[in-house]
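These notes concern the structure reproduced below.
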Protein chains: 2
Amino acid sequence: MTDRHQDLAGGFPETDHDHASCVDEALDRAVAICERRQVRLTPLRRRVLQAVWSSHKPVGAYNILTMLTNERGTTAPPTVYRALEFLLENGLIHRIESLNAFVGCTKPGQDHAWQLLICRACGRVAEISDGKLDHAIADAASRAGFILQRRTIELAGLCSACRDSGPAQRDGDGALV
Amino acid sequence: MTDRHQDLAGGFPETDHDHASCVDEALDRAVAICERRQVRLTPLRRRVLQAVWSSHKPVGAYNILTMLTNERGTTAPPTVYRALEFLLENGLIHRIESLNAFVGCTKPGQDHAWQLLICRACGRVAEISDGKLDHAIADAASRAGFILQRRTIELAGLCSACRDSGPAQRDGDGALV
DNA sequence: GTCATGCTGATATAGTATAACATTTTCGTT
DNA sequence: AACGAAAATGTTATACTATATCAGCATGAC
Ligand SMILES: [Zn+2]
Ligand SMILES: [Zn+2]
Ligand SMILES: [Zn+2]
Ligand SMILES: [Zn+2]
C-alpha cells in the first residue's frame, strides 16, 4: 500500500536517501489534499511547505523568512506565519512546541494521531503514529476524567543512527557526516 | 502516606480548595529538597517559586517579572529566567512548552515521569504521573530504536469540572465562578 | 581577611509571534 | 467586460519570549 520505501525503523529516513523525492511527494500530496478540501495551495503556501520540507530537521519561521527574503525581496513575518497557519490547519505540517519550529507531516490527509521523535544528536525529527501509545494517552485522559482535545507528544533523545555512531560522527550543522 | 487531600480525580484541585496551603506545602518541600540537594533556595528563588504557585494556572516569565517589579522595583528578565532555570533543574517546577509558561511540580524530589493536562476552559493545569502511559511511551520509543531522554507530554482539553459545567460558567479570567 | 565561587544587577540584544490596516488577487455574478 | 464580495498578500508597527555579557555583591572555605 505504501510507496514510501525510504524509512528506517522508527521513522527516521536513511541518511543517504533521495530527499528530493520526499519533497516532491510532499508537494504532490499537498496539491491533491488541497484540491479535495477545496482550499487554495497558492504559490506562497506551496513555497513555504517546500521550505519546511527542505530537510527532516525542524525549520523555524524566521529561517523560512530568510529564504523568502533572499528569493523575492523583503518579506515580513506575517507572510510566513499566515502560510504556516494554513499548512497547520490543513494537516500538512506539524509544529514542534519545544523548539518553536515546524516539520512536514508524513501522513497528510489521514487525520492521524502522531508523536514526534527528536534526535538531539543529528537534529532530525521522525513522526510516528503509534496506536498503542495513543491508546494509552486516551486511557490516561479518561482515567483523569479529562476530555482530550489536543495532544502534544515530543520525545527527545537519540535516533538509532546516532545511537550507534556516537556524537563524534556529527558535523557542525548537526547532520551525520 | 500522602498529606495532600485536596485533589479531585485527574489531579485538578477542588475549585474551592485552600490554595494557601498548596503554596505553603510547595515552599516547605522546596526548602527540604534544596537542603538535601545542597543547593541554595535564596529569597529570590523562593519568591519566584511562590509566584509560579500563585495559582494552578500556567504562569509566564513576564508575569513573574511584573510581580517582582511591583514588589521590589525594576527587575530585568534574566533575574526571573535564572531563578526559573534553577527551579527547573531542581525539579520544583515544570515548563509547559505549548504555552511558554510554568507550573509548580506536585511531586518534587521524587524523580518522576509526568504528563500535563491543560484545561482550555478554566486554564488550570493538572500534573499526572500515569505509569501505564509512561510505559507505553517507553515501549514506543523502544520499538522505534530510539533512546529516550526527555518527554514532553501536554494534553489539552476539558477538566472534569469544566466538562460538566460548560463554558458559560467561566469568568473573564478563565476561572470557574 | 582573602579568595574563589556563586548569585544578582544591569544593559543590550536576539528570537518568536501577532495586531491592524492597505492593497491585490480571485472568482462568481451581472 | 464590469462589478463586487471574499480571500490572500503586503506593510507597518508592536508585543511577547529569551539570552549574552559584563559588573557588583554575597557566601562560605581556608
Ligand atoms: Zn527526505
Ligand atoms: Zn540522530
Ligand atoms: Zn491549590
Ligand atoms: Zn477546567
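Predicted, not measured: the structure shown is a model, and the values here were computed from it. Chain letters run A, B, ... following the sequence lines, proteins first and then strands; every chain starts at 1.
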**Study point:** Nucleotide dT8(C), atom C1' - distance to CD1 of Ile64(B) in whole Å
**Key:** 16 Å

Practice item. Examine distances only and state if a side-chain atom of Ser165(A) and a backbone atom of Ala161(A) form a donor-acceptor pair shorter than 3.5 Å. Key: yes

Practice item. Given salt bridge (charged side-chain N to carboxylate O under 4.0 Å, His left out), test Asp139(B) with Lys132(A) step by step and report yes or no. Key: CA-CA 9 Å; Asp139(B) 281 353; Lys132(A) 287 184 183 175; over 6 Å; no

Exercise for review: Measure the SG-CZ distance between Cys159(A) and Arg124(A) for me, rounded to the nearest 0.5 Å.
Suggested key: 4.5 Å

Check your understanding: When you measure from every atom of DNA chain D, which of residues 66-73 of chain A have a heavy atom less than 4.0 Å away?
Key -> Arg72(A)

Point to revise | Phosphate contact (dT9(D) OP1 or OP2) by Thr42(A) side-chain N/O below 4.0 Å | key: yes

Review point. Has Thr79(A) got a side-chain N or O lying under 4.0 Å from the OP1 or OP2 atom of dG10(D)?
Key: yes

Point to revise | Whole angstrom value for the distance that separates C1' of dG6(C) from CG of Leu41(B) | key: 15 Å

Practice item. Evaluate the side-chain contact (heavy atoms from CB on, under 4.5 Å) criterion for residues Val125(A) and Leu117(A): first the C-alpha distance (whole Å), next the side-chain angles of each, then the deciding distance (0.1 Å), finally the verdict. Key: CA-CA 6 Å; Val125(A) 174; Leu117(A) 305 181; over 6 Å; no

Review point. Is there a residue in residues 84-99 of chain B whose heavy atoms reach under 4.0 Å of DNA chain D, and which residues are they?
Key: Arg95(B)

Please set out all donor-acceptor pairs under 3.5 angstrom arising from side-chain atoms of residues 151-158 of chain B, sequence neighbours excluded.
unit_1: Arg151(B); atom_1: NE; unit_2: Asp134(B); atom_2: OD1; d: 2.9
unit_1: Glu154(B); atom_1: OE1; unit_2: Ser98(B); atom_2: N; d: 2.9
unit_1: Glu154(B); atom_1: OE1; unit_2: Ser98(B); atom_2: OG; d: 2.5
unit_1: Glu154(B); atom_1: OE2; unit_2: Glu97(B); atom_2: N; d: 2.7

**Study point:** Separation of atom CZ in Arg47(B) from atom C1' in dT8(C), rounded to whole Å
**Key:** 17 Å

Review point. Taking the six-membered ring for Trp, are Tyr62(A) and Tyr81(A) parallel (under 30°), tilted (30 to 60°) or perpendicular (over 60°)?
Key: perpendicular

Side-chain donor-acceptor pairs of residues 34-45 of chain B under 3.5 Å, sequence neighbours excluded:
unit_1: Arg37(B); atom_1: NE; unit_2: Asn90(B); atom_2: OD1; d: 3.4
unit_1: Thr42(B); atom_1: OG1; unit_2: Arg45(B); atom_2: N; d: 3.3
unit_1: Arg45(B); atom_1: NH1; unit_2: Arg40(B); atom_2: O; d: 2.7

Check your understanding: Any side-chain donor paired with an acceptor under 3.5 Å for His56(B) and Glu127(B)?
Key -> no

**Study point:** Phosphate contact (dC16(D) OP1 or OP2) by Asn100(B) side-chain N/O below 4.0 Å
**Key:** no

Review point. Parallel under 30°, tilted from 30 to 60°, perpendicular over 60°: which one fits the rings of His17(A) and His19(A)?
Key: perpendicular

Practice item. Let me know the distance between CD of Gln38(A) and C1' of dG28(C), rounded to the nearest Å. Key: 14 Å

Check your understanding: If the sugar-phosphate is the primed atoms plus P, OP1 and OP2 and the base is the rest, what is the B/S/- string for nucleotides 19-29 of chain D, using protein heavy atoms under 4.0 Å?
Key -> BBB-----S--

Practice item. Kindly write out the residues that satisfy ring pair (Phe, Tyr, Trp, His ring centres under 6.0 Å) with His135(A), not counting sequence neighbours, or none if the list is empty. Key: none

Revision key, fill the gap. In whole angstroms, the gap separating P of dA17(C) from CG of Asn63(A) amounts to 11 Å

**Study point:** Side-chain touch Ser160(B)/Phe12(B), heavy atoms, less than 4.5 angstrom
**Key:** no

